[in-house]
Peer 1: 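What follows is a single structure, and I will ask about it in a moment.
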Amino acid sequence: MIKIYDTLTRSLREFVPITEKTVKMYVCGPTVYNYIHIGNARSVVSFDTIRRYFEYRGYTVHYISNFTDVDDKIIKGAREAGMDTKAFSDKFIAAFLEDVQQLGVKPATQNPRVIDYMDEIIDFIQVLIDKGFAYEAAGDVYFRVAKSENYAKLANKTLADLEAGASGRVDQEADIKEHPFDFALWKAAKPGEVFWDSPWGSGRPGWHIECSVMATEILGDTIDIHGGGADLEFPHHTNEIAQSEAKTGQTFANYWMHNAMLNINDEKMSKSLGNFVTAHDLLEKIDGQVLRFFLATQHYRRPLNYTEKAIHDAETNL
């Protein structure tokens, strides 16, 4: 018997797969506008280890991890680099694959890219509109959170809790949205941006819709395990659940797994603090197996602290 701590129920649950001795697993991958930082690397190593354990126990694991290759940061980075967005994201996808190979990470069963699922994304959004879960506004399309059953259940909150905690904060689209927490499924194109044609005009998908589409298209309406970093619990995974279950009427994922964050010298990693560390840079200085060993020294649901001493200790212990 295998037990998993499920974020949704906040409990340790026996793992019962949809199909015997098979695991359908989707783990959110990187947005490819830069080299992955060491916190991203922790998530990659954590879920690679979990995958390997299932395989060790005799399961066949269909391991899907995506690349988000359409995004504001990608558009901005490509413009600054004088590249088109695909060439720009191709560069960092290649770097990611090289880096995780050095970390001893097994290749995913499939690494879907958003740009390859644009028709499916548009179809998915249209179903949500037809069912009354989404609406078009000024070329954007938004999801109606008020219509979603038990929205934010993954974050152990209600919509009323979120509203109370918002303290009047609104985003720039608030005046065209029905509810402040409605989130974008489709964004109207701005001048000079990459775009695709849709029934609502030229634009591109919102971030949250991408993973729902790729996960259900590849693995089916209900998957066994959905994973990612704890920072994705809200709003990304919360919104994935809302839109996926609104479309299919089925449970999106039976188990939710989230790895804890990684700090740098007991501080949150941040470019503004000058402590932003990429795995790519570290792997030029230390062996990939040493870095993997360090990332695996702490339980995946507990915070991990990166220091020079911790890396030295990992090298010694390995």
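For the numbers below, each heavy atom of this structure counts, side chains included, while hydrogens, waters and symmetry mates do not.
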Peer 1: I'd like to know whether NZ of K131 has more than 12 heavy-atom contacts from other residues, nucleotides or ligands below 6.0 angstrom.
Peer 2: yes
Peer 1: How far apart are the C-alpha atoms of R57 and Y53, what are their side-chain angles, what is the distance that settles it, and do they pass the side-chain hydrogen bond (donor to acceptor under 3.5 Å, both in side chains) test?
Peer 2: CA-CA 6 Å; R57 292 290 297 268; Y53 182 72; 2.7 Å; yes
Peer 1: Can any side-chain N or O of R79 pair as donor or acceptor with the backbone N or O of T85 at less than 3.5 Å?
Peer 2: no
Peer 1: Step by step, would you call I4 with R13 a side-chain contact (heavy atoms from CB on, under 4.5 Å)?
Peer 2: CA-CA 5 Å; I4 290 174; R13 297 174 52 212; 5.8 Å; no
Peer 1: Side chains of F124 and E217: does their closest heavy-atom pair fall under 4.5 Å?
Peer 2: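 Heavy-atom side-chain distance check fails, nothing below 4.5 Å.
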Peer 1: Is there side-chain contact between P199 and I122, with heavy atoms separated by less than 4.5 Å?
Peer 2: yes
Peer 1: Just do the side-chain hydrogen bond (donor to acceptor under 3.5 Å, both in side chains) check on T158 and D161 with the steps written out, would you?
Peer 2: CA-CA 5 Å; T158 65; D161 293 333; 3.2 Å; yes
Peer 1: Can you see which heavy atom on A146 is nearest to which on L159, and at what distance?
Peer 2: CA-CD2, 4.0 Å
Peer 1: So, K190 side chain and E193 main chain: donor-acceptor pair closer than 3.5 Å or not?
Peer 2: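 No; judged by distance alone, with no hydrogens or angles, the pair does not exist.
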Peer 1: Stepwise, does the side-chain contact (heavy atoms from CB on, under 4.5 Å) test hold for L282 with Y306?
Peer 2: CA-CA 12 Å; L282 275 179; Y306 169 86; 3.4 Å; yes
Peer 1: Is it true that F88 and F92 have ring centroids separated by less than 6.0 Å?
Peer 2: yes
Peer 1: Measure the spacing between CH2 of W207 and CG of N239 and express it to the nearest 0.5 Å.
Peer 2: 9.0 Å
Peer 1: When you check the gap from the basic side-chain N to the acidic O, do D90 and K86 get nearer than 4.0 Å?
Peer 2: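 The answer is yes: the pair qualifies as a salt bridge.
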Peer 1: Measure across N259 and S46 and return the closest heavy-atom pair with its distance rounded to 0.1 Å.
Peer 2: CB-OG, 4.2 Å
Peer 1: N254 side chain to D224 main-chain N or O, any donor-acceptor pair under 3.5 Å?
Peer 2: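 Checking the backbone N and O of D224 against the side chain of N254, no donor-acceptor pair under 3.5 Å is found.
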Peer 1: Please verify the inter-ring angle class for F276 with H37; under 30° counts as parallel, over 60° as perpendicular, anything in between as tilted.
Peer 2: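 Taking H37 first and then F276, their aromatic rings stand perpendicular (interplane angle over 60°).
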Peer 1: Look up atom CG in N111 and atom CD1 in I64, then write down how far apart they are to the nearest 0.5 Å.
Peer 2: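 So the CG of N111 and the CD1 of I64 are separated by 8.0 Å.
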Peer 1: Decide yes or no on salt bridge (charged side-chain N to carboxylate O under 4.0 Å, His left out) for R10 and E233, but give the supporting numbers first.
Peer 2: CA-CA 13 Å; R10 301 298 197 272; E233 189 177 322; 3.0 Å; yes
Peer 1: I'd like to know if the side chain of S202 and the backbone of F195 have a donor-acceptor N/O pair within less than 3.5 Å.
Peer 2: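 Checking the backbone N and O of F195 against the side chain of S202, no donor-acceptor pair under 3.5 Å is found.
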Peer 1: Ignoring hydrogens and geometry, is there a side-chain-to-backbone donor-acceptor pair from T297 to F294 under 3.5 Å?
Peer 2: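 Checking the backbone N and O of F294 against the side chain of T297, a donor-acceptor pair under 3.5 Å is found.
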Peer 1: Between D71 and R204, does at least one N-O distance fall below 4.0 Å, as a salt bridge requires?
Peer 2: no
Peer 1: At what distance, to the nearest 0.5 angstrom, does CD1 of I129 lie from OH of Y135?
Peer 2: 11.0 Å
Peer 1: Decide whether F234 and L8 are clustered together by the hydrophobic rule: side chain heavy atoms of Ile, Leu, Val, Met, Phe, Trp, Tyr closer than 4.5 Å, transitively.
Peer 2: no
Peer 1: Contact between I75 and V194 at the side-chain level, heavy atoms closer than 4.5 Å - yes or no?
Peer 2: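 The answer is yes; the side chains approach within 4.5 Å.
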Peer 1: Salt bridge (charged side-chain N to carboxylate O under 4.0 Å, His left out) between D72 and K76: does it pass, once the steps are laid out?
Peer 2: CA-CA 6 Å; D72 289 339; K76 181 175 182 290; over 6 Å; no
Peer 1: Which pair of non-hydrogen atoms, one from Y117 and one from P112, has the smallest distance, and what is that distance?
Peer 2: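 Heavy atoms of Y117 and P112 come nearest at CE1-CB, 3.7 Å.
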Peer 1: Testing the 3.5 Å rule here: is there a donor-acceptor pair between the side chains of D6 and T9?
Peer 2: yes
Peer 1: Output yes when a side-chain donor or acceptor of T19 lies under 3.5 Å from a complementary backbone atom of T22, and no otherwise.
Peer 2: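 Not at all, since once roles are kept as given, no pair shorter than 3.5 Å links the two residues.
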Peer 1: Given 3.5 Å as the limit, does a donor-acceptor pair link the side chain of S212 with the main chain of E240, or not?
Peer 2: yes
Peer 1: Could you pull out the closest heavy-atom pair between T238 and A152, with the gap in Å?
Peer 2: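 Result for this residue pair: CG2-CA, 3.5 Å.
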Peer 1: Distance from D99 atom CG to L283 atom CG, nearest 0.5 Å?
Peer 2: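 So the gap between those two atoms works out to 5.5 Å.
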Peer 1: Return the CZ to CG distance between F293 and L318, rounded to the nearest 0.5 Å.
Peer 2: 5.5 Å
Peer 1: Is the W256 ring parallel, tilted or perpendicular to the H258 ring (thresholds 30°, 60°)?
Peer 2: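 If you compare the ring of W256 with that of H258, the planes turn out parallel.
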Peer 1: What class does the angle between the rings of Y255 and F15 fall in, given that below 30° is parallel, 30 to 60° is tilted and above 60° is perpendicular?
Peer 2: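 Tilted.
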Peer 1: Does Q101, at its CD atom, have more than 12 non-hydrogen atoms belonging to other residues, nucleotides or ligands within less than 6.0 Å?
Peer 2: no
Peer 1: Could you tell me which residues satisfy side chain to side chain donor-acceptor pair (under 3.5 Å) with R42, sequence neighbours excluded, listed by chain and number?
Peer 2: none
Peer 1: Show, in sequence, the C-alpha distance, side-chain angles and deciding distance for H62 and Q110, and conclude whether the side-chain hydrogen bond (donor to acceptor under 3.5 Å, both in side chains) test is met.
Peer 2: CA-CA 8 Å; H62 299 291; Q110 194 170 333; over 6 Å; no
Peer 1: Please list, chain by chain and in numerical order, all residues satisfying salt bridge (charged side-chain N to carboxylate O under 4.0 Å, His left out) with E245, sequence neighbours excluded.
Peer 2: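 Residues passing salt bridge (charged side-chain N to carboxylate O under 4.0 Å, His left out) with E245: K153.
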Peer 1: Counting distance only, does the side-chain N/O of D48 pair as donor-acceptor with the main-chain N or O of V44 below 3.5 Å?
Peer 2: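 Pair absent, no side-chain N/O of D48 close to backbone of V44.
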Peer 1: Within the supplied structure, the quantity of interest is the number of heavy atoms (other residues, nucleotides, ligands) at a distance under 6.0 Å from H312 NE2; does it exceed 12?
Peer 2: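 It does not: H312 NE2 has 12 such atoms or fewer within range.
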Peer 1: Please check this pair: side chain of S198 against backbone of W200, looking for a donor-acceptor N/O pair closer than 3.5 Å.
Peer 2: yes
Peer 1: Using every non-hydrogen atom in the two residues, find where A242 and S148 come nearest and quote the distance to one decimal.
Peer 2: CB-OG, 3.6 Å
Peer 1: So that I can tick it off, tell me whether R113 and D69 are bridged by a salt bridge, with the cut-off set at under 4.0 angstrom between side-chain N and carboxylate O.
Peer 2: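 Yes.
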Peer 1: Between F96 and F67, does the ring centre distance come in under 6.0 Å?
Peer 2: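 Between F96 and F67, the centre distance is under 6.0 Å.
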Peer 1: Aromatic ring centroids of H237 and H208 under 6.0 Å?
Peer 2: no
Peer 1: Output yes when a side-chain donor or acceptor of R51 lies under 3.5 Å from a complementary backbone atom of Y63, and no otherwise.
Peer 2: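 Such a contact is absent between R51 side chain and Y63 backbone.
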Peer 1: Going by atom types only, do D266 and N305 share a side-chain donor-acceptor pair under 3.5 Å?
Peer 2: yes
Peer 1: How long is the span from the CD1 atom in I223 to the OG1 atom in T251, to the nearest 0.5 Å?
Peer 2: 11.5 Å
Peer 1: Flag the pair D140 and K187 as a salt bridge only when some basic side-chain nitrogen lies within less than 4.0 angstrom of an acidic carboxylate oxygen.
Peer 2: no
Peer 1: Restricting to non-hydrogen atoms, name the atom on I74 and the atom on T68 that form the minimum distance, rounded to 0.1 Å.
Peer 2: CD1-O, 3.3 Å
Peer 1: Please tell me if the side chains of F183 and V145 come closer than 4.5 Å, counting only heavy atoms from C-beta onward.
Peer 2: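 They are in contact (side-chain heavy atoms under 4.5 Å apart), so the answer is yes.
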Peer 1: Classify the angle between the aromatic ring planes of F54 and Y59 as parallel (below 30°), tilted (30 to 60°) or perpendicular (above 60°).
Peer 2: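 Plane angle over 60°, so perpendicular.
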Peer 1: Does this structure show an ion pair linking D281 with K285, if we count only N-O contacts that are shorter than 4.0 Å?
Peer 2: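 Answer for the salt bridge query: no.
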